[in-house]
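Reviewing the structure listed below.
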2 protein chains.
Amino acid sequence: MSDTSFNSDTALPDVTGMLCFSLYSAGHAFTQLYRPLLDKLDLTYPQYLVMVTLWNRDGQNVKELGRTLFLDSSTLTPLLKRLETAGLITRTRNPKDEREVLLHLTEAGRVLKSQAANIMRCVEDALGLDAETISAIKASVDRIRDKLRE
Amino acid sequence: MSDTSFNSDTALPDVTGMLCFSLYSAGHAFTQLYRPLLDKLDLTYPQYLVMVTLWNRDGQNVKELGRTLFLDSSTLTPLLKRLETAGLITRTRNPKDEREVLLHLTEAGRVLKSQAANIMRCVEDALGLDAETISAIKASVDRIRDKLRE
DNA sequence: TAAGATTACTTTGTGCACGATCTATATGTC
DNA sequence: GACATATAGATCGTGCACAAAGTAATCTTA
């Protein structure tokens, strides 16, 4: 075995040589980093992404939230119900269009926002990279994602 | 609302401005791209990553596989049982150390490898980026992941 | 060599993710 | 207004992902 990233028969790359696996495992690594930080807020990582989105724009509906997060209602509905049960948001039908469910932060949900900045600081520290480097990598990853979603 | 990526109260970035979300959503986008390709092989994306790993090195145990994929046995055990049920691998205890479960490809599992190169070609086409660009982005993402796992 | 610690894997419970399907509301066309 | 179509969410089933706890084999060490 002279080369670990290719197989002698058909030159098949190893997972460690595949971009898709890098993204897959880096995403998981982020979730692991966030876990102990979010445990204090009793939030999972996807729940945190929802909260961040609502902190930036309260009162949007499930569809709009899903467009931002690239998630559909079959993922969001149960997650949002858990946030509602936890007392962080309310889910109410839009009187103007009863098909829509409007999402609003409760006071408890708004209060939680004050701890988010601290969490983001912890994550930046763990990364230990300057803002320009992070921003450049992010732009590349966004480009990949947008290419794949075409 | 003059700036969509920051909130007026506490300058909280939007999810679309967070590197963690870029990785999270790019990972999902890859899974979505792979789905129709892997459906033909009756494999899920994580199952495919396991098969790629075994195609490169047959006969490793669950621990070693998990170290490569950054997954622990509570994720792998059920997944591997499904691959065994599908007739693609065998799971046998190591006679030298009965704690270990050795993973071996069956003939059907080996045959599947011949279709992997084609799948990888489809993915490259969808990305539509030259190898150096992809490789540079991959190196950045790996760097992030390894930083987070420190 | 017997007791305690470690290791490899399994089991259990919770929460995503997502395809497929269903329900209720709204809209468009005649 | 009646009927077809579209849209927004909800529900269901399958398969990860992972913490916590359990089991069995192996190693350590007194």
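Order of the sequence lines fixes the chain letters, A, B, ..., with proteins taken first and strands second; residue numbering starts at 1 for each chain. All values below were derived from every heavy atom in this structure, side-chain atoms included, with hydrogens, water molecules and symmetry-related copies excluded. The shown structure was predicted, so the numbers you read here are calculated from the model rather than taken from an experiment.
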Sequence neighbours excluded, the answer for side chain to side chain contact (heavy atoms under 4.5 Å, CB included) partners of B:Thr75 is B:Leu71, B:Asp72
Sequence neighbours left out, what passes side chain to side chain contact (heavy atoms under 4.5 Å, CB included) with A:Ser140? Give chain and number order.
-> B:Ile137
Between P of C:dA17 and CZ of A:Phe70, the distance in whole Å | 14 Å
Classify the side chain of A:Ser74 and the base of C:dG19 as holding, or not holding, a donor-acceptor pair under 3.5 Å.
-> yes
Hey, can you pull the donor-acceptor pairs under 3.5 Å for the side chains in residues 79-86 of chain A, sequence neighbours left out?
| unit_1 | atom_1 | unit_2 | atom_2 | d |
| --- | --- | --- | --- | --- |
| A:Glu84 | OE1 | A:Arg91 | NH1 | 3.1 |
| A:Thr85 | OG1 | A:Lys81 | O | 2.9 |

Is a donor on one side and an acceptor on the other found under 3.5 Å between the side chain of B:Lys113 and the backbone of B:Asn56?
-> no
Could you state the atom-to-atom distance from CD of A:Glu64 to P of D:dT7 in whole Å?
-> 15 Å
Under a 4.0 Å heavy-atom cut-off, which of residues 28-48 of chain A touch DNA chain C?
-> A:Thr44, A:Pro46, A:Gln47
Starting at atom CG of B:Leu80, determine the distance to atom C1' of C:dT11, rounded to an integer number of angstrom.
-> 15 Å
Does A:Val50 reach the side chain of A:Leu43, with side-chain heavy atoms less than 4.5 Å apart?
-> no
Within the structure shown, what part of the strands sits under 4.0 Å from B:Leu76 by heavy-atom distance: base, sugar-phosphate, or nothing?
-> nothing
Is the phosphate of D:dG9, meaning OP1 or OP2, less than 4.0 Å from a side-chain N or O of A:Asn61?
-> yes
B:Thr44 side chain reached by B:Leu38 side chain, heavy atoms, under 4.5 Å = no
Sorted by position of nearest nucleotide on DNA chain C, 5' first, the leading residue of A:Asp72 and B:Val62 is B:Val62
Within less than 4.0 Å of OP1 or OP2 of D:dA10, is there a side-chain N or O belonging to A:Thr77?
-> yes
Heavy atoms, side chains only, cut-off 4.5 Å: are A:Asp42 and A:Gln47 in contact?
-> no
Verify side-chain contact (heavy atoms from CB on, under 4.5 Å) between A:Thr53 and A:Gln60, making sure each step is shown before the conclusion.
-> CA-CA 9 Å; A:Thr53 307; A:Gln60 60 189 296; 3.6 Å; yes
B:Lys81 side-chain N/O to C:dT11 phosphate OP1/OP2 under 4.0 Å = yes
Does OP1 or OP2 of D:dT14 have a side-chain N or O of B:Arg82 closer than 4.0 Å?
-> no
Using heavy atoms and a sub-4.0 Å distance, could you list which residues of residues 18-26 of chain B are near DNA chain D? By number, please.
-> none
Review item, side-chain donor-acceptor pairs of residues 98-112 of chain A, under 3.5 Å, at least two apart:
| unit_1 | atom_1 | unit_2 | atom_2 | d |
| --- | --- | --- | --- | --- |
| A:Arg99 | NE | A:Asp97 | OD1 | 3.0 |
| A:Arg99 | NE | A:Asp97 | OD2 | 3.4 |
| A:Arg99 | NH2 | A:Asp97 | OD2 | 2.8 |
| A:Glu100 | OE1 | A:Asn61 | ND2 | 3.3 |
| A:Glu100 | OE1 | A:Asn94 | ND2 | 3.2 |
| A:Thr106 | OG1 | A:Gly87 | O | 2.6 |
| A:Thr106 | OG1 | A:Leu88 | O | 3.1 |
| A:Thr106 | OG1 | A:Ala108 | N | 3.4 |
| A:Thr106 | OG1 | A:Gly109 | N | 3.1 |
| A:Glu107 | OE1 | A:Arg110 | NE | 3.4 |
| A:Glu107 | OE1 | A:Arg110 | NH2 | 3.2 |
| A:Arg110 | NH1 | A:Leu105 | O | 3.4 |

Got a sec? Which of residues 84-100 of chain A come in under 4.0 Å of DNA chain D, heavy atoms?
-> A:Arg91, A:Arg93, A:Arg99, A:Glu100
Base, sugar-phosphate alone, or nothing: which one does A:Leu79 contact when heavy atoms must sit under 4.0 Å apart?
-> sugar-phosphate
Under 3.5 Å, which donor-acceptor pairs link side chains of residues 22-37 of chain A to any protein atom two or more places apart or in another chain?
| unit_1 | atom_1 | unit_2 | atom_2 | d |
| --- | --- | --- | --- | --- |
| A:Ser22 | OG | B:Asp142 | OD1 | 2.7 |
| A:Ser25 | OG | A:Phe21 | O | 2.8 |
| A:Ser25 | OG | A:Ser22 | O | 3.3 |
| A:Ser25 | OG | B:Arg145 | NH1 | 2.7 |
| A:Thr31 | OG1 | A:Gly27 | O | 3.2 |

Atom CE of A:Met51 and atom C1' of C:dG15: how far apart are they, to the nearest Å?
-> 17 Å
What residue pairs, at least two apart or across chains, pass side-chain hydrogen bond (donor to acceptor under 3.5 Å, both in side chains) with a residue in residues 119-135 of chain A?
-> A:Asp130-A:Thr133
Looking at side-chain heavy atoms only, is the closest gap between B:Met120 and B:Val52 below 4.5 Å?
-> yes
